[in-house]
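We use all heavy atoms of the structure for the numbers below, so side chains are in, but hydrogens, waters and symmetry mates are not. Counting starts at 1 for both ligands and their atoms, in listed order.
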Amino acid sequence: MSTLVVGTMAFDSLETPFGKAERIIGGSATYIGLAASNFSNDVHLVSVVGDDFPQEQLEDLTRRGVSSEGVERKKGEKSFFWSGKYHNDMNTRDTLDTQLNVLEDFQPKVPDSASEVDFLMLGNLTPSVQMDVILQMKTRPKLILLDTMNFWMDVALDELHEVLKEIDVLTINDEEARQLSGEFSLLKAARKILSMGPNVLIIKKGEHGALMFNEKEAFFAPALPLEEVFDPTGAGDTFAGGLVGHLDATNDISFDNMKRGIIYGSALASFCVEKFGTERVEELTRPEIENRVRQFIDLTQVEINLD
Ligand code: AMP
């Protein structure tokens with residue numbers, strides 16, 4: 001199967017209670033692409049960078065089987081820049097700065113090689129760019145997943161509502177689900193958001209795991225309790241990359257298989273937070289991933305006999 005990932009490729013400056021990192025590589029497409037490449041060998045990226053973005057980063061993705069043919073490099077312009085500071089709980093953060101730069105007037109071009117993929121993962125970026133990509137697909141993908149954040153709810157809510165009508169699976173965090181729905185109860189929020197377009201809603205709750213809803217069912221996956229968390233940046237994107245990678249590798253979009261997908265996504269996200277930036281996700285091996293998935297199974301398995 002094949003997957004197209006759309007999102008930002010960025011420079012991030014981060015501050016956590018454990019340290020600081022200045023202008024390291026980040027961006028939603030970077031994390032999602034890296035994570036998905038652990039499962040699928042046919043991943044394509046559509047994104048935009050300035051001439052300050054290192055070519056080696058794109059070459060590294062190519063070595064992992066991720067095609068960057070759809071990554072446009074804009075001469076004389078700067079890459080997207082984001083800066084954030086985490087609170088002591090490491091679960092909440094403040095955005096200190098968002099510089100759209102190349103993203104400001106980005107018109108995505110989906111290469112022919114990626115216009116008939118099976119899975120489309122619309123990572124966090126301008127909702128109108130996400131819509132533009134959907135419109136460029138020659139055949140409708142089997143599954144369209146979308147991730148977004150409060151920033152776009154603040155500055156482009158109408159466009160976000162338009163694109164929500166076209167997708168199958170939405171992934172957002174609990175705070176964003178509350179903002180989008182205007183409901184405090186996540187159950188009520190889920191009902192409202194499902195009526196906006198998607199058939200499946202996944203609510204990420206950081207160190208408290210993830211909830212998944214469709215019209216009839218709900219599923220909860222915990223996050224793995226970790227001894228050390230250095231930097232939660234990209235955990236949500238890595239989660240999405242693990243999920244779509246698993247769906248791509250198994251070619252099964254049933255709710256039951258999505259449950260397995262969010263366990264794979266959670267396992268990958270648990271690695272992401274162990275080091276700053278993309279470092280930990282870049283060095284992952286298959287046995288390490290399988291080991292961690294096993295820990296998730298052990299963490300949640302219980303036998304109860306009800307008579
Ligand atoms: P996450 O921690 O999973 O929410 O993702 C963090 C990544 O998202 C960082 O690497 C940022 O570069 C990127 N990012 C931050 N703000 C935005 C935004 N408004 N649109 C797209 N990507 C963003």
Checklist entry - Looking only at protein heavy atoms, which one is nearest to atom 2 (O) of ligand 1, and how far off is it? => result Gly234 N, 2.7 Å

Next on the checklist: With salt bridge (charged side-chain N to carboxylate O under 4.0 Å, His left out) as the criterion, how do Lys142 and Asp168 come out once you've worked through the C-alpha distance, each side chain's angles and the decisive distance to 0.1 Å?
Outcome noted: CA-CA 9 Å; Lys142 213 176 256 183; Asp168 303 300; over 6 Å; no

Checklist entry - If you look only at pairs with a residue in residues 21-56, which of them pass as a ring pair (Phe, Tyr, Trp, His ring centres under 6.0 Å), with sequence neighbours excluded? => result Phe11-Phe53, Phe39-Tyr264

Item to check | Sub-4.0 Å atoms of ligand 1 with respect to non-hydrogen atoms of Tyr31 | outcome: 10 (O)

Checklist outcome for this item: The answer for which part of Glu176 has a heavy atom under 4.0 Å from ligand 1 is neither

Checklist entry - Looking only at heavy atoms, is any part of Phe239 under 4.0 Å from ligand 1, and if so is it the side chain, the backbone, or both, or is it neither? => result neither

Checklist entry - What's the shortest distance from atom 22 (N) of ligand 1 to any protein heavy atom, and which residue and atom give it? => result Thr8 OG1, 3.1 Å

Checklist entry - Can you find a side-chain donor-acceptor pair between Asp256 and Ser254 that sits under 3.5 Å? => result no

Next on the checklist: For atom 3 (O) of ligand 1, which of the options Val129, Asn173, Asp237, Thr238 provides the nearest non-hydrogen atom?
Outcome noted: Asp237

Next on the checklist: Taking CD in Glu283 as the centre, count heavy atoms belonging to other residues, nucleotides or ligands within less than 6.0 Å. Is the count above 12?
Outcome noted: yes

Item to check | Side chain Asp298, main chain Gln301, donor-acceptor under 3.5 Å | outcome: no

Checklist entry - Would Asp105 and Lys74 pass as an ion pair if we require N to O under 4.0 Å? => result yes

Checklist entry - Is Phe80 near ligand 1, meaning one of its heavy atoms is under 4.0 Å from it? => result yes

Next on the checklist: My understanding is that only residues two or more places apart in sequence, or in another chain, count here; which of them pass side-chain contact (heavy atoms from CB on, under 4.5 Å) with Glu183?
Outcome noted: Ser181, Lys188, Ala189, Lys192

Checklist outcome for this item: heavy-atom search around atom 20 (N) of ligand 1 in the protein gives Trp152 NE1, 3.2 Å

Item to check | Within 6.0 Å of NZ in Lys259, more than 12 heavy atoms from elsewhere | outcome: yes

Checklist outcome for this item: Looking only at protein heavy atoms, what sits closest to atom 4 (O) of ligand 1 is Arg93 NH2, 2.9 Å

Next on the checklist: Please check whether Gly27 reaches ligand 1 - meaning an N/O of the residue sits under 3.5 Å from an N/O of the ligand, judged on distance alone.
Outcome noted: yes

Checklist entry - Which bit of Asn124 is near ligand 1, meaning a heavy atom under 4.0 Å away: side chain, backbone, both or neither? => result both

Checklist entry - Would you say the side-chain atoms of Thr238 pair up with the backbone N or O of Ala269, donor to acceptor, closer than 3.5 Å? => result no

Checklist outcome for this item: atom 11 (C) of ligand 1: closest protein heavy atom, distance to 0.1 Å, is Asp12 OD1, 3.4 Å

Checklist entry - Which of the atoms in ligand 1, numbered in the order shown and given with their element, are less than 4.0 Å from a heavy-atom of Gly26? => result 10 (O)

Next on the checklist: Less than 4.0 Å is my threshold; does some heavy atom of Phe81 fall inside it relative to ligand 1?
Outcome noted: no

Checklist outcome for this item: Quick look: Thr233 vs ligand 1, heavy-atom contacts under 4.0 Å, and the answer is both

